[in-house]
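A quick write-up on the structure given underneath.
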Amino acid sequence: MEQKLVEEILQAITMSTDTGVSLPSYEEDQGSKLIRKAKEAPFVPVGIAGFAAIVAYGLYKLKSRGNTKMSIHLIHMRVAAQGFVVGAMTVGMGYSMYREFWAKPKP
C-alpha cells in the first residue's frame with residue numbers, strides 16, 4: 001500500500017514538472033543574451049565600462065599619489081567609481097522613462 005502511494009506521488013510530481021513543451025526561443029548562448037540585455041538597458045554596459053575605467057585609472061595613479069595616504073586614495077577611487085555607476089543608472093532610468101512615457105510608441 002505504501003509503495004503504491006509513493007509511486008502515485010512520484011508520478012504526480014513528474015507529471016506536474018514535465019510539460020513536454022520545448023521552448024527553443026529561450027535557448028540562447030551567452031553572447032546573444034548579453035547583446036539582447038544591452039539593447040534593453042544600454043546604460044548598464046556603460047556603467048560597467050566606466051567603473052572598470054575608473055578602477056584602472058586609480059590603480060595607474062596609485063604609484064604617483066604623492067603624499068596622500070593609501071586609504072584616502074582608495075576611498076576617493078571607490079567614491080568616483082560608485083558615483084559613475086549611480087550616474088549611469090540614473091541616466092538609464094531617465095532614458096527608459098522617456099522611451100516608455102514620452103516617446104511616440106511604435107504600433
Side-chain angles (χ1 to χ4, degrees):
M1 183 68 171
E2 291 177 13
Q3 180 70 20
K4 185 176 182 181
L5 180 62
V6 170
E7 288 176 4
E8 288 178 6
I9 291 173
L10 287 175
Q11 183 180 10
I13 291 171
T14 305
M15 288 176 61
S16 66
T17 58
D18 183 25
T19 59
V21 176
S22 175
L23 301 173
S25 63
Y26 290 107
E27 296 172 6
E28 58 186 346
D29 60 347
Q30 294 293 332
S32 61
K33 184 176 182 179
L34 180 65
I35 291 170
R36 181 177 54 84
K37 290 287 187 176
K39 286 181 182 177
E40 290 174 3
F43 287 95
V44 171
V46 171
I48 293 170
F51 176 80
I54 290 173
V55 168
Y57 177 75
L59 290 174
Y60 175 73
K61 285 295 186 179
L62 193 61
K63 294 184 290 184
S64 63
R65 70 180 187 275
N67 204 12
T68 308
K69 287 185 176 181
M70 171 80 82
S71 61
I72 300 298
H73 177 74
L74 293 176
I75 288 171
H76 287 168
M77 289 300 109
R78 179 186 63 97
V79 169
Q82 286 178 335
F84 188 88
V85 170
V86 169
M89 288 172 48
T90 304
V91 171
M93 287 300 299
Y95 176 71
S96 295
M97 288 174 57
Y98 170 75
R99 248 186 3 194
E100 187 174 337
F101 296 114
W102 290 290
K104 294 181 179 178
K106 297 178 182 176

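For the numbers below, each heavy atom of this structure counts, side chains included, while hydrogens, waters and symmetry mates do not. Note that the structure is a prediction, hence the values are computed from the model and not measured.
- Applying the side-chain hydrogen bond (donor to acceptor under 3.5 Å, both in side chains) test to R65 and every residue at least two apart in sequence or in another chain returns nothing.
- Listed by chain and number, the residues in a side chain to side chain contact (heavy atoms under 4.5 Å, CB included) with M97 are F101, W102 (sequence neighbours excluded).
- In terms of the side-chain hydrogen bond (donor to acceptor under 3.5 Å, both in side chains) criterion, S71 has no residue partners (sequence neighbours excluded).
- Hydrophobic clustering of Ile, Leu, Val, Met, Phe, Trp and Tyr side chains at less than 4.5 Å, counting indirect connections, unites M89 with V55.
- Taking Y60 as the reference, nothing meets the side chain to side chain contact (heavy atoms under 4.5 Å, CB included) condition, with sequence neighbours excluded.
- Through direct or indirect side-chain contacts shorter than 4.5 Å among Ile, Leu, Val, Met, Phe, Trp and Tyr, Y57 is connected to no other residue.
- In plain terms, the two heavy atoms of H73 and T68 that are nearest each other are N-CG2, 4.1 Å.
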- Query: Please walk me through it: do M77 and L59 pass side chain to side chain contact (heavy atoms under 4.5 Å, CB included)?
  - Reply: CA-CA 9 Å; M77 289 300 109; L59 290 174; over 6 Å; no

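- Within the structure, the side chain to side chain donor-acceptor pair (under 3.5 Å) test picks out the following pairs touching residues 74-89 (sequence neighbours left out): R78-Q82.
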May I have the list of side-chain donor-acceptor pairs in residues 34-45 shorter than 3.5 Å, sequence neighbours left out?
from : atom 1 : to  : atom 2 : distance (Å)
R36  : NE     : E28 : OE2    : 3.2
R36  : NH1    : E40 : OE2    : 3.2
R36  : NH2    : E28 : OE2    : 2.8

